[in-house]
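Okay, so here's the structure we're looking at.
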Amino acid sequence: MKLKILPPHLRNKKRYLAFEVLSEKPINREEVISLIWGAAGGLYGSCGVSSFDLWVVKIWPCKFREQNIVKGILRCSREEVSTVRSIFPLINRYKGKRVVFHTLGISGTIKSAKSKFIKPG
Amino acid sequence: MYYDFHINNINLVEEAERLGYSGLAIIGGNQGEDNEWENWDRHPIQIYKSILIRARNPEDMRQKVKRFRGEAQVIMVQGGDQKINRAACEDPQVDILSMPYYNRKDSGINHVMARKASQNEVAVELNIKHLSRTSSHLQYKVLAHYRELVKLKRKFNFHLIITSNAQSIYDLHSPLDLIALSRCFGMNQEEAVSALSESPRNIIERNNTRNKVVVDGVKLVN
């Protein structure tokens, strides 16, 4: 049986990081996850990553000017937002092809992260 | 207002603007031959010409700095060799000492050079590409060198600047991500912001008044 959900004051506070990935080859959700977790583990280790509460909520592949762009939302703990952000500059390669992550913005809900940074206007 | 003072490709201007940079210093090899350079002052963000000097020895470095000082707004010296690191710190004509820790087991700067760098206003570069291209099991060494430089900066108050050394769009990072990363080598928020904005601006302001300085401490007003 599923556990009863925690009362609001005991739940972990979350923030949603909107990010974009530019890559030479098309990249899917599993590859995005393995890149982020790999870099986070390399920089902060298992102990550090365990406190980040990381979760890739959703990603949207889009193509712009012959460039592979993937936009996505990453959930993390409210206290560790800037630590999670610092992982992105260290990701530079995937299977020999170049890839780069940029943060688009930080938001308190998935809905506003999507409307502000992923699909503005 | 964020600046990136180590860019190797003029075609990155659009991408840098999108990421939120307001000024770039671009290392141009054959500036006359490249058509892009003809429109360099029409770009929406400020672009400065920069030259990276790779010298064999301190004497060679001094000659090259003298030769290129008039041509470029930013003069960078490739560090790594101990004698060149020291000569660059002692030369007020040099703007940035690039990667003094390159190919070394230490940070390349000691208290003597740090004091000289502070007196001569030579900024020391923290290169993000050098960090991200290092394999993950050796990144601790680079971070330790950066930490050492930050420690010396707090004591002797020379300028540190954070640069990307970008060759393609895959090397450019958003300035706020770099500020977040700088916590890993012990910089606080204000120091990181100043390394990306005030220190580069200082270099440009100093170069604008460089021609007016008669001797050390005396400046032409009109």
At a heavy-atom separation under 4.5 Å, does [X] approach chain A through its side chain, its backbone, both, or neither?
X: B:Glu15; result: side chain
X: B:Leu19; result: side chain
X: B:Ser164; result: neither

A:His102 vs B:Leu176 side-chain heavy atoms within contact, under 4.5 Å: no
Check for a donor-acceptor pair, side chain of B:Asp177 on one end and backbone N or O of A:Thr103 on the other, with a separation under 3.5 Å. yes
Looking only at heavy atoms, which two atoms of [X] and [Y] are closest? And how far apart?
X: B:Ala180; Y: A:Ser82; answer: CB-O, 3.3 Å
X: A:Val100; Y: B:Ile169; answer: CG1-O, 4.1 Å
X: A:Arg98; Y: B:Arg133; answer: NH1-NH2, 3.0 Å

[X], part contacting chain B, at a heavy-atom distance under 4.5 Å:
X: A:Leu43; result: side chain
X: A:Ser23; result: backbone
X: A:Glu24; result: both
X: A:Val99; result: backbone
X: A:Tyr44; result: side chain

Options A:Arg93, A:Gln67, A:Glu20, ranked by heavy-atom pairs under 4.5 Å with chain B, top entry: A:Glu20
Residue [X] excluded, over 12 heavy atoms near [atom1] under 6.0 Å:
X: B:Gln93; atom1: CD; result: yes
X: B:Glu14; atom1: CD; result: no
X: A:Lys95; atom1: NZ; result: no
X: A:Arg11; atom1: CZ; result: yes
X: A:Trp55; atom1: CH2; result: no
X: B:Tyr102; atom1: OH; result: no

How many angstroms lie between [atom1] in [X] and [atom2] in [Y], if you round to the nearest 0.5 Å?
X: A:Asn92; Y: B:Tyr170; atom1: CG; atom2: OH; value: 12.5 Å
X: A:Leu90; Y: B:Gln139; atom1: CG; atom2: CD; value: 5.0 Å
X: B:Ser174; Y: A:Arg85; atom1: OG; atom2: CZ; value: 5.5 Å

Flag for A:Ser86-B:Arg183: side-chain donor and acceptor within less than 3.5 Å: no
For chain A, which of B:Lys129, B:Arg18, B:His137 has the most heavy-atom pairs under 4.5 Å? B:Arg18
